[in-house]
Number of protein chains: 2
Amino acid sequence: MRVTIYDVARDAGVSLATVSRVINHSPHVKESTRRRVQETIERLGFQPNLVASALTTKRTRLMALLIPSITNPACAQVAWGVEETAAEMDYNCIICNVGADPKRQAHYVNILIRKGIDGIIFSTPSYDDGLVLDLSRRSYPLTLMARDVPAAQVNRALTDDKAGGALAAQHLLELGHTSFLLVTSKEEVLQERARGFVETIRAQNLDVIPVEAKGSDITAGLDAGVRLLSLANRPTAVFATTDLLAIGIIAAVHCMGLDIPRDLSVVGYGGLIEPEAMQLPLTTIVQPMRDMGKAAAQLLFDTLQEGREPRQVVVEPKLYIGGTTGNPSR
Amino acid sequence: MRVTIYDVARDAGVSLATVSRVINHSPHVKESTRRRVQETIERLGFQPNLVASALTTKRTRLMALLIPSITNPACAQVAWGVEETAAEMDYNCIICNVGADPKRQAHYVNILIRKGIDGIIFSTPSYDDGLVLDLSRRSYPLTLMARDVPAAQVNRALTDDKAGGALAAQHLLELGHTSFLLVTSKEEVLQERARGFVETIRAQNLDVIPVEAKGSDITAGLDAGVRLLSLANRPTAVFATTDLLAIGIIAAVHCMGLDIPRDLSVVGYGGLIEPEAMQLPLTTIVQPMRDMGKAAAQLLFDTLQEGREPRQVVVEPKLYIGGTTGNPSR
DNA sequence: CTGAAAGCGCTTACAG
DNA sequence: CTGAAAGCGCTTACAG
């Protein structure tokens, strides 16, 4: 049988309340009493049962992270940051692979609440707005990532995709490029990256040729690369709104015997592909997903701890200069 | 205020015990009573508080997975399998990135136990045997992966590394190879893979030239590849005990203008590198890490559910034939 | 500074 | 088949 607070109280000759105060570092305990109780706790090897304390305090010190799949490297980075920050606060992190199905999300959320999980971080691109709004109305602590639900009173950890696009533009401008291609698909976040890029280029009175990709993976990139090569007035620089698009473009361009970065500079977006995994490390806009996770967990913790108003944190992207960009050769 | 079992009992005109029986699908409830209670539960939107029930049943329906880091793709696969199986059983999965520090492991374990986590899966190469033995003695439900503690009474989900090495040998033998190189470092699992390979080759009265790598990453592979090229009697086939070693060897061989698989067949081990990520997909022995995770969770669940004796499951590796192996050209 | 008592929301023998 | 009561192991006003 495990030793309980009751055993400690009896052994130390004090009441349950006093032992509880010592455990919880209440300042209202005489120093000599504290020492005596502390000594008994150690001697008996008492470990407070947090399930019992959760029943009264309504705090399990557990948070959950909803992601499409932990095998997605971006999700893994987020999970790393969340778990890391949670652990610092004596929290533990429950991972839920919810896929893309809103029903699965709702099912998970329901069980998490019944298990007394203190708060949830949503990092799924396709959650059910109604679910989030409902939780927000019942003032259940939440942090949203990856997508927003404007009407909800929740914490938010957001990326600045527009700033990322602008970073890509600045880098290429600084290298001296004057003709640009933009490859992106229609997804909203990607459009935001594109907007930041285009605005920055236009501010210099330069122009951007847009190419719409039919997706955001390597295949779509290959296709875009082929189209790029057929352009009459081939630009010297291209910004792809995802790394996979960029990789596809590079592969297509290589096939046609062009050299990167001599004939074409390429900037991607993401930063989750290890530079060592590529022959030529990709210049890209790095999304600090781990930092996002950390911020998300911190926001949730603050809400839990101080019950403070939901806040919003914007995590800035960074430029990583690999080997796929250089000065234009013409 | 949330609705409790008490509200349901009063509204339905029955006792707490009866409501509890209905929730827990006890067969000893009159059908008409069950229906009435069920109707009340739905009308009031009652959701049982599992923290309260955990306090009496000693079951939180939470399990934990200890891994070095979730950003390691092998760990992510394991976590995927564990979480997937856990979810099927109405369990949730707590992820703990314990790194390589046994102290961190002990700290996590301590807090997990206090939080009432039902069982733990150890998937870390460097855990503290003493900790595992201690938990095992206190008959705390455990599943071990990645490494064994022979004396412990625990579940085990193991890989058959020797069989994997044998698979590699069989594949190369079937292709007609007669001269072999083995590249491995000294780590115990890798030695096991090597043993399976060598024994299978020797059973055919053929011989293997061993090359010791100073590590198991790409750099070590590059180095081994260079040494391979300097051999007087160059073999036609190489088995590397990790995929990264194999990739390094391939890169080195490519540099020297040799063609793979014409001049050299290469088999790796792991299977976590996406075939699409490589110019030439690597032939490799696939460790089904997700299946390992599933098995580990299932074993833990069985212990939890039926209190049955610890068991052991061996997950078999599989051969994946990519483009780096072929018939020998001489 | 300390203790007695009630309470958190369930489950579980036990009795009927 | 059903209910009254005790109990799981803590915390928290309240009183002193």
Side-chain angles (χ1 to χ4, degrees), chain A residues 1-38 40-41 44-62 90 110-118 304-305, chain B residues 1-38 40-41 44-62 90 110-118:
Chain A
M1 290 292 87
R2 265 180 65 176
V3 20
T4 71
I5 197 174
Y6 187 83
D7 303 317
V8 175
R10 196 180 26 192
D11 192 290
V14 295
S15 72
L16 297 177
T18 300
V19 179
S20 177
R21 286 187 192 104
V22 172
I23 299 168
N24 297 299
H25 307 104
S26 156
H28 310 298
V29 182
K30 210 202 298 177
E31 188 47 34
S32 60
T33 311
R34 169 188 308 287
R35 262 204 298 276
R36 184 153 42 97
V37 172
Q38 194 58 50
T40 307
I41 287 175
L44 302 185
F46 169 63
Q47 306 264 53
N49 177 332
L50 298 180
V51 174
S53 96
L55 188 57
T56 36
T57 61
K58 312 291 183 208
R59 284 275 177 272
T60 52
R61 302 197 81 81
L62 256 22
D90 282 324
N110 185 268
I111 197 118
L112 290 170
I113 291 178
R114 284 169 46 185
K115 288 189 182 172
I117 310 312
D118 295 345
L304 257 19
Q305 206 62 8
Chain B
M1 290 293 87
R2 265 180 65 176
V3 18
T4 71
I5 198 174
Y6 186 84
D7 303 318
V8 175
R10 194 179 31 193
D11 192 289
V14 296
S15 72
L16 297 177
T18 300
V19 179
S20 178
R21 288 188 192 101
V22 172
I23 299 168
N24 297 299
H25 307 102
S26 156
H28 310 297
V29 182
K30 211 202 298 177
E31 188 48 35
S32 62
T33 312
R34 171 188 308 286
R35 262 204 297 275
R36 184 155 40 95
V37 172
Q38 194 58 51
T40 307
I41 286 175
L44 302 185
F46 169 63
Q47 308 264 52
N49 176 332
L50 298 181
V51 174
S53 97
L55 190 56
T56 37
T57 63
K58 313 290 183 204
R59 283 276 177 271
T60 52
R61 301 196 81 81
L62 256 22
D90 283 325
N110 184 268
I111 199 121
L112 290 170
I113 291 178
R114 286 168 46 184
K115 287 187 182 173
I117 308 314
D118 294 346

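We name chains A, B, ... by the order of the sequence lines, and we start the count at 1 in each one.
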**Request:** Taking all non-hydrogen atoms of both residues into account, name the closest pair between B/His25 and B/Arg34 and its distance.
**Result:** CA-NH1, 4.4 Å
**Donor-acceptor contact below 3.5 Å, side chain A/Thr40 vs main chain A/Asp11** = no
**Item:** Worked verdict on A/Val22 versus A/Gln38 for side chain to side chain contact (heavy atoms under 4.5 Å, CB included)
**Value:** CA-CA 7 Å; A/Val22 172; A/Gln38 194 58 50; 3.6 Å; yes
**Message:** Need two values: the first and the last nucleotide of DNA chain D, 5' to 3', having an atom under 4.0 Å from any heavy-atom of chain A.
**Reply:** D/dG9 to D/dA13
**Request:** Would you confirm whether B/Asn49, through its side chain, and B/Val51, through its main-chain N or O, come within 3.5 Å as a donor-acceptor pair?
**Result:** yes
**Check: A/Asp7 side chain, A/Thr4 main-chain N or O, donor-acceptor pair, under 3.5 Å** = yes
**Asked** Looking at residues 4-20 of chain B, who's got a heavy atom less than 4.0 Å off DNA chain C?
**Response** B/Thr4, B/Ile5, B/Ala17, B/Ser20
**Asked** Looking only at atom types and distance, does a side-chain atom of A/Arg36 sit under 3.5 Å from a main-chain N or O of A/Ala12, one as donor and one as acceptor?
**Response** yes
**Request:** Please examine the side chains of A/Gln47 and B/Ile113, heavy atoms only from C-beta on, and report whether any two atoms are closer than 4.5 Å.
**Result:** no
**Request:** Please check if the side chain of B/Ser20 supplies one atom and the backbone of B/Leu16 the other of a donor-acceptor pair under 3.5 Å.
**Result:** no
**Asked** Is there side-chain contact between A/Val29 and A/Val37, with heavy atoms separated by less than 4.5 Å?
**Response** no
**Asked** Taking only Watson-Crick and G-U wobble pairs with both distances under 3.5 Å, what dot-bracket line describes DNA chain C, where [ ] shows pairs that cross earlier ones and | shows pairs with another strand?
**Response** |||.||||||||.|||
